[in-house]
Amino acid sequence: MRKGILTIAAVGLLTTGGLTACSDDSGDNGAAAKTPKIGVILPDSKSSVRWETADRRFLEEAFKAAGVQAEIQNAQNDKTAFQTIADQMITSGVTVLMIVNLDSGTGKAVLDKAKSQGVATIDYDRLTLGGSAQYYVSFDNETVGKLQGEGLSKCLTDKGVKNPVVAYLNGSPTDNNATLFKAGYDSVLKPKFDSKEYVKGPEDAVPAWDNAQAATIFEQQLTKANGKIDGVLAANDGLGNAAISILKKNKLNGKVPVTGQDASTEGLQNILAGDQCMTVYKAVREEAKAASDLAIALAKGEKKDTGQTVKDPEGGRDVPSVLLTPKAIYKENVKDVIADGYVTKEEVCAGAYAKLCADAGIS
């Protein structure tokens, strides 16, 4: 699927000009003849807090530092609003449009319209299947899933659970990243199911990454399994916390390992409390920097060679890409996320979590 996976070092190449830049003579975007202006559409603020607390912040910082005009809006999981925002941005004269799609169908329509209007495009975090974005910037999402699978396996081993029943709370079926996450954790857990070392429990996808629906779904899973679930592969921290809320109702929190992703304040607190097994940290600052560097180049009528492509399985296109490397976070290295500036000690260690932070070496 990928050619030469890049690490976070790739961002250094982008920022230091190590990648080849050239004038865009293709006529795809016409950015060189217009005042550079970048539009960004974020997907929502409920599926993960990262979109507003991290991505918006880091993108704004990057555009401001470059002195480039930019507008960032959030579609709040509304497909109609997503298309309306895109139309307004194109009409307002953006020369580059960066999107996090809600689904590939809506995303493709927006990207194709932008292209027809001479606007350059970037898929941010999620690849739009069958789309026409000139670049794709994200993390190695199969590795994210692999870290989750390995993390759950580690936590089950640490607890000495034999033949554990493992439930899945997958991400949204309309998000290609959710498909990649699942491929990653399946690569770790499916062999264990096949060998009978683990037992495959209930599995459901959570529409739109909705945390409230995730709690309902997990409660149904627990009932279906007669309370016998020994581990939960939850695709992100929001879904993980939803499962934890039901485990708490049944006095099973801390006994049943739960995974996550995004290293949210809530997820890190759940790890410190022993209710969540692990999370996956994605350095959004680096992702935002890589994407903004590409957007700024396109806005100036330039293109950069990322040295890497990702195959669009639907469109069959090799999309020039930057994929960054995720990191597994357990109780012993929660401090790494704080040290990186993604969240603050004050946020994570508030109130009852102060002692837990001190016990975890967070000073």
Side-chain angles (χ1 to χ4, degrees), residues 28-31 34-64 66 68-138 171-178 207-211 238 262 284 287-300 312 315 319:
D28 286 344
N29 59 53
K34 302 176 183 178
T35 301
K37 181 179 179 182
I38 299 167
V40 180
I41 309 178
L42 300 176
D44 63 81
S45 56
K46 290 185 177 180
S47 66
S48 176
V49 297
R50 63 164 282 194
W51 302 117
E52 288 296 330
T53 63
D55 295 86
R56 179 185 289 273
R57 171 167 56 116
F58 294 135
L59 286 167
E60 285 176 344
E61 287 177 2
F63 294 137
K64 183 177 180 180
V68 174
Q69 184 181 357
E71 178 183 1
I72 302 175
Q73 292 198 44
N74 194 312
Q76 298 299 354
N77 199 39
D78 185 325
K79 295 178 187 179
T80 300
F82 189 96
Q83 292 178 307
T84 299
I85 291 169
D87 288 344
Q88 291 171 344
M89 287 183 170
I90 292 169
T91 300
S92 74
V94 297
T95 53
V96 181
L97 183 63
M98 184 190 305
I99 70 167
V100 187
N101 71 59
L102 296 179
D103 64 82
S104 286
T106 306
K108 182 180 186 306
V110 164
L111 292 171
D112 288 349
K113 182 168 185 178
K115 183 179 180 180
S116 73
Q117 299 295 312
V119 177
T121 51
I122 296 175
D123 269 332
Y124 181 67
D125 200 72
R126 299 173 183 168
L127 180 65
T128 300
L129 302 183
S132 55
Q134 288 165 257
Y135 292 104
Y136 167 51
V137 180
S138 189
S172 173
T174 62
D175 182 353
N176 185 58
N177 281 359
W209 295 91
D210 186 283
N211 298 330
D262 291 336
V284 173
E287 183 183 21
K289 181 59 177 168
S292 62
D293 282 349
L294 290 171
I296 290 164
L298 286 173
K300 294 178 178 178
D312 175 354
V319 186

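Side-chain contact check for S48 and D262: at least one donor-acceptor pair (N or O, by modelled atom type) lies under 3.5 Å. Looking only at atom types and distance, the side chain of W209 has a donor-acceptor partner in the side chain of D175 under 3.5 Å away. With hydrogens and angles left out, the side-chain atoms of D55 and Y124 include a donor and acceptor closer than 3.5 Å.
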V137/E287 under side chain to side chain contact (heavy atoms under 4.5 Å, CB included): CA gap, chis, key distance, verdict: CA-CA 7 Å; V137 180; E287 183 183 21; 4.1 Å; yes
Pair L294-M98, side chain to side chain contact (heavy atoms under 4.5 Å, CB included): steps then yes or no: CA-CA 10 Å; L294 290 171; M98 184 190 305; over 6 Å; no
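Here the shortest heavy-atom pairing between A62 and S292 reads CB-OG, 3.2 Å. Counting all heavy atoms, side chain and backbone alike, A66 lies closest to I296 at CB-CD1, 3.3 Å. Taking every heavy atom of both residues into account, I38 and A299 meet most closely at CG1-CB, 4.2 Å. The two atoms that bring L111 and G131 nearest to each other are CD1-CA, 4.3 Å, heavy atoms only. Shortest non-hydrogen contact noted between A114 and T121 is CB-CG2, 3.6 Å. Residue P36 comes nearest to T95 through the heavy atom pair CA-OG1, 3.6 Å, listed as atom of the first residue, atom of the second, then distance.
Judged by distance alone, the side chain of Q83 and the main-chain N or O of V110 form no donor-acceptor pair under 3.5 Å. Here the side chain of T91 pairs no donor or acceptor atom with the backbone of Q88 at under 3.5 angstrom. Of the possible polar contacts, none joining the D125 side chain to the S138 backbone as a donor-acceptor pair under 3.5 Å is found.
Atom CD1 of I72 and atom CD1 of I41 lie 11.5 Å apart (nearest 0.5 Å). One finds the CD1 atom of I90 at 12.0 Å from the CD1 atom of I85 (value rounded to the nearest 0.5 Å). Between L97 atom CG and L298 atom CG the span is 11.5 Å, to the nearest 0.5 Å. Distance check, rounded to the nearest 0.5 Å: NZ of K37 to CD of E71 gives 5.5 Å. With rounding to the nearest 0.5 angstrom, the CG atom of D210 is 8.0 Å from the CG atom of N77. Atom CG of D103 sits about 8.5 Å away from atom CZ of F82, to the nearest 0.5 Å.
For the pair R126/N177, a side-chain contact is recorded, criterion being any heavy-atom separation below 4.5 Å from C-beta on.
Salt bridge D312/K108: absent, no basic N to carboxylate O contact under 4.0 Å.
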